[in-house]
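Each remark here refers to the structure printed beneath this line.
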Amino acid sequence: MNLHEYQGKSILASYGVRVQRGHVANNAEEAVEKAKQLTAETGTGWHVIKAQIHAGGRGKGGGVKLAKNLDQVREIAGQIIGMDLITPQTPPTGKRVHKVLVAEDVYYPGESETKEFYMSVLLNRGTGRNMIMYSTEGGMDIEEVAEHTPDKIFTEEIDPAYGLQGFQARRIAFNLGLSGEAFKEMTKFVDALYKAYIGSDSSMFEINPVLKTSDNKIMAVDAKVTLDDNALYRHADLAEMRDITEERPIEVEAKEAGLNYVDLDGTVGCMVNGAGLAMATMDLIKYAGFEPANFLDVGGTADAKRVETAFRIILKDPNVKAILINIFGGIVRCDRVAQGVVDAYKNMGDAIKVPIIVRLQGTNAEVAKELIDNSGMPILSAVQFQEAADQVKAALS
Ligand code: GDP
Ligand code: MN
């Protein structure tokens with residue numbers, strides 16, 4: 001589950017990570033009020049107005065702007081709230097901005113220069129250990145840094161038995177070229193950041209930039225936090241941070257129905273049980289020369305009701321030109337699934353206007369095929385993988 005910057009920062013702050021402070025506003029007038037409040041709390045004169053959407057690269061798209069007085073706060077917040085912000089990470093039409101974060105300006109001049117670093121905490125699946133990835137090249141696209149100057153990216157792996165060690169935090173501060181007060185600040189920052197990552201059961205933190213201020217404080221200016229969905233049950237307070245307006249409506253509906261659904265760009269809808277078979281089925285569709293319209297795992301219980309829900313969700317996508325059902329009947333018997341498909345088809349009347357190809361394998365597969373062939377419904381049945389692929393091809397040519 002992804003969070004907004006302001007939510008991520010509130011988690012970090014609760015673990016003692018220094019963050020650029022700010023308050024959320026839903027409209028221009030509220031932004032002015034929040035700016036005044038922030039000035040009273042922090043003494044800041046300038047404010048940064050930051051669009052809150054689930055995507056990075058907001059600065060480049062015009063979603064992060066500096067306001068030097070309250071009139072500018074009002075004007076900029078008014079511009080940003082309600083805009084469709086387009087960044088390299090949003091869909092081409094952008095994402096509607098509903099809220100802004102009114103933050104203190106932390107790039108003020110002082111005794112030393114400000115510096116931007118990159119830091120993320122994530123799981124290295126190769127070694128099964130968490131790691132801290134960091135770079136002197138902050139504020140820019142880390143993918144670019146990885147491509148052009150990979151030697152500027154460092155990693156620190158953490159032994160789960162010992163946790164983050166003091167020498168590791170010091171090595172990070174050293175590799176970032178820090179000394180004196182900023183060095184000490186960085187070791188504290190890293191330590192608190194890692195505690196926040198573990199404590200919140202996150203699967204990714206990306207802090208870009210981590211800022212060294214002109215008075216040698218280290219703080220998170222941005223926060224991209226992804227929580228592990230499987231651990232949300234033990235973080236009721238964090239689960240409440242979910243913002244479904246940021247998620248695709250069709251995926252939200254599928255989740256509520258207990259289906260594992262990911263919307264894709266192709267024309268062949270898939271209904272499959274088991275993630276592995278779903279992946280193989282998508283390969284099959286590509287092999288036949290087409291693109292899958294979705295990933296859909298109906299899970300263990302492919303009964304009529306579930307199949308019908310899956311049908312309805314797949315058919316909401318106007319690009320779908322055919323549906324391939326590929327179910328392995330292990331615990332669930334194929335004939336029950338076949339009955340489910342036939343019943344769902346009947347229930348849906350003429351809602352289904354595209355060809356349906358069903359491949360059932362496993363327990364009672366023959367009975368299932370007969371059931372479909374004798375149903376009187378225009379449903380095509382297949383036994384072999386190849387046969388199903390050929391039928392998809394025939395249906396779409
Ligand atoms: P992103 O573009 O979505 O990654 O949003 P960020 O939160 O990283 O902000 C983008 C950029 O805005 C940063 O890299 C900074 O250069 C700039 N920025 C953020 N906070 C401040 C601030 O307090 N003052 C000034 N002058 N610039 C800021
Ligand atoms: Mn950023």
Side-chain angles (χ1 to χ4, degrees), residues 2-13 17-25 31 34-35 38-39 41-69 72-73 76-77 79-81 83-91 94-110 112-122 133-146 153 193 204-226 243 246:
N2 293 325
L3 298 181
H4 287 295
E5 173 194 357
Y6 77 93
Q7 297 168 320
K9 279 179 168 171
S10 78
I11 295 176
L12 297 187
V17 180
R18 190 194 298 277
V19 299
Q20 175 193 39
R21 290 165 295 180
H23 297 295
V24 175
K34 294 296 163 77
L38 198 60
T39 299
E41 290 163 355
T42 69
T44 190
W46 293 358
H47 297 87
V48 192
I49 312 300
K50 310 181 81 177
Q52 298 299 290
I53 54 166
H54 285 188
R58 295 163 302 164
K60 280 182 209 152
V64 178
K65 286 192 173 145
L66 185 65
K68 298 185 178 177
N69 55 51
Q72 288 184 3
V73 168
I76 294 169
Q79 281 166 7
I80 293 180
I81 295 172
M83 83 187 280
D84 292 319
L85 182 56
I86 302 171
T87 85
Q89 295 180 20
T90 62
K95 275 194 147 183
R96 180 65 49 91
V97 182
H98 300 288
K99 288 178 166 59
V100 291
L101 178 63
V102 180
E104 58 177 336
D105 169 39
V106 286
Y107 286 62
Y108 45 82
S112 67
E113 265 184 271
T114 57
K115 272 198 192 118
E116 291 182 323
F117 305 114
Y118 171 93
M119 191 170 291
S120 57
V121 190
L122 67 165
M133 197 188 276
Y134 61 104
S135 174
T136 49
E137 308 304 291
M140 21 204 260
D141 212 349
I142 197 65
E143 284 79 12
E144 295 264 310
V145 181
I153 298 179
L193 189 70
M204 197 202 55
F205 273 9
E206 189 179 53
I207 316 297
N208 189 19
V210 171
L211 184 74
K212 184 196 80 68
T213 61
S214 61
D215 48 358
N216 294 312
K217 294 194 185 92
I218 301 292
M219 66 169 68
V221 167
D222 194 1
K224 207 169 169 190
V225 168
T226 306
D243 181 355
E246 288 287 326

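Counting starts at 1 for both ligands and their atoms, following the listed order. The residues of the chain are indexed from 1 along the displayed sequence.
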Handout entry: Test: D215 and K217 ion pair at under 4.0 Å
Key = yes

Exercise for the section: Below 4.0 Å from any atom of ligand 1, which residues have a heavy atom? Give them in chain and number order, please. Expected result: Q20, V48, K50, G56, G57, R58, G59, V64, E104, D105, V106, Y107, E116, N208, P209, V221, D222

Problem - Any donor-acceptor N/O pair, K65 side chain to V73 backbone, under 3.5 Å - result: no

Handout entry: Test: E113 and K212 ion pair at under 4.0 Å
Key = no

Handout entry: Residues K224, E5: salt bridge by 4.0 Å N-O rule
Key = no

Problem - Cationic N near anionic O, under 4.0 Å, E41 to R21 - result: no

Practice task
Could you tell me whether the side chains of Y107 and E116 share a donor-acceptor contact shorter than 3.5 Å?
Solution key: yes

Exercise for the section: Give a yes or no on whether the backbone of K50 and the side-chain of Q52 come within a donor-acceptor separation of less than 3.5 Å. Expected result: yes

Practice task
May I ask you to determine how many protein N/O/S atoms are under 2.8 Å from the Mn ion (ligand 2)?
Solution key: 2

Practice task
State whether a side-chain donor-acceptor pair under 3.5 Å links H47 with T39.
Solution key: yes

Practice task
Identify whether the distance between the nearest side-chain nitrogen and carboxylate oxygen of R58 and D222 falls below 4.0 Å.
Solution key: yes

